[in-house]
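Single-structure report; data block below.
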Amino acid sequence: MPSTPFEEVPGSPAARPIAGPRVFPARMDAFPSVRSFVEEVCRAAAFGRDDCAKLVLLIEELFTNTVLHGHGGDSDASVHITFEVADGQISLTYEDAARPHDPFASWKPPDAASSVEDRRVGGLGVVLVASMAQRVRYAYTAGRNRICLVMVRSS
């Protein structure tokens, strides 16, 4: 079993699973169930409203990219979502069966000096995910894309 993002932090307490893996079809009409799951996890982890809204937005970005770009539309392929909590942090492991794609491989922060018109179209979701998470890791394992990330509770 692959390590969790928490195991990469020396001295960090062992993470405890809080929820998951929960499996959803890669269909846009499944997102309300995904959102409910994330909100349930936020309550159990004592994440405040703002932190929960960020986590929902982050998951929505990953899920939408899986459906639209990974599968080219609604699919019955599975999306697995698991959360762990440790020391004021929440870890997300997000897995899908779409074609291999590391969204962070060529990610660069946008040039703040450039105008909106000069910036590349697309890729803003990756910027959003990377900026909201403390750590992000991608792997393609056993036919699945796996994104692990860690968010720190702000409240």
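Since this is a predicted model, take the numbers as computed values, not measurements.
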Can you name the side-chain contact (heavy atoms from CB on, under 4.5 Å) partners of Ala98, sequence neighbours left out? His71, Asp96, Asn145

Quick one: side-chain contact (heavy atoms from CB on, under 4.5 Å) partners of Cys52, sequence neighbours excluded? Glu39, Cys42, Val56

Check whether any side-chain heavy atom of [X] lies under 4.5 Å from a side-chain heavy atom of [Y], and answer yes or no.
{"X": "Ser78", "Y": "Arg144", "answer": "yes"}
{"X": "Ile81", "Y": "Val34", "answer": "yes"}
{"X": "Arg27", "Y": "Asp76", "answer": "yes"}
{"X": "Arg22", "Y": "His80", "answer": "no"}
{"X": "Thr93", "Y": "Ile147", "answer": "no"}
{"X": "Leu55", "Y": "Phe83", "answer": "yes"}
{"X": "Ile90", "Y": "Val41", "answer": "yes"}

Euclidean distance, [Y] [atom2] relative to [X] [atom1], rounded to 0.5 Å:
{"X": "Ser154", "Y": "Phe47", "atom1": "OG", "atom2": "CZ", "answer": "8.0 Å"}
{"X": "Phe37", "Y": "Ile59", "atom1": "CZ", "atom2": "CD1", "answer": "8.0 Å"}
{"X": "Met28", "Y": "Ser75", "atom1": "CE", "atom2": "OG", "answer": "13.0 Å"}

So which atom in [X] and which in [Y] form the shortest heavy-atom distance, rounded to 0.1 Å?
{"X": "Gln89", "Y": "Val150", "answer": "OE1-CG1, 3.6 Å"}
{"X": "His101", "Y": "Pro103", "answer": "O-CD, 3.2 Å"}
{"X": "His69", "Y": "Arg99", "answer": "O-NH2, 3.3 Å"}

Can you find a side-chain donor-acceptor pair between Tyr94 and Thr82 that sits under 3.5 Å? no

CG of Asp50: more than 12 outside heavy atoms within 6.0 angstrom? no

Is the centre of the Phe24 ring less than 6.0 Å from the centre of the Phe63 ring? no

Checking Tyr140 now: which residues fulfil ring pair (Phe, Tyr, Trp, His ring centres under 6.0 Å) with it, not counting sequence neighbours? none

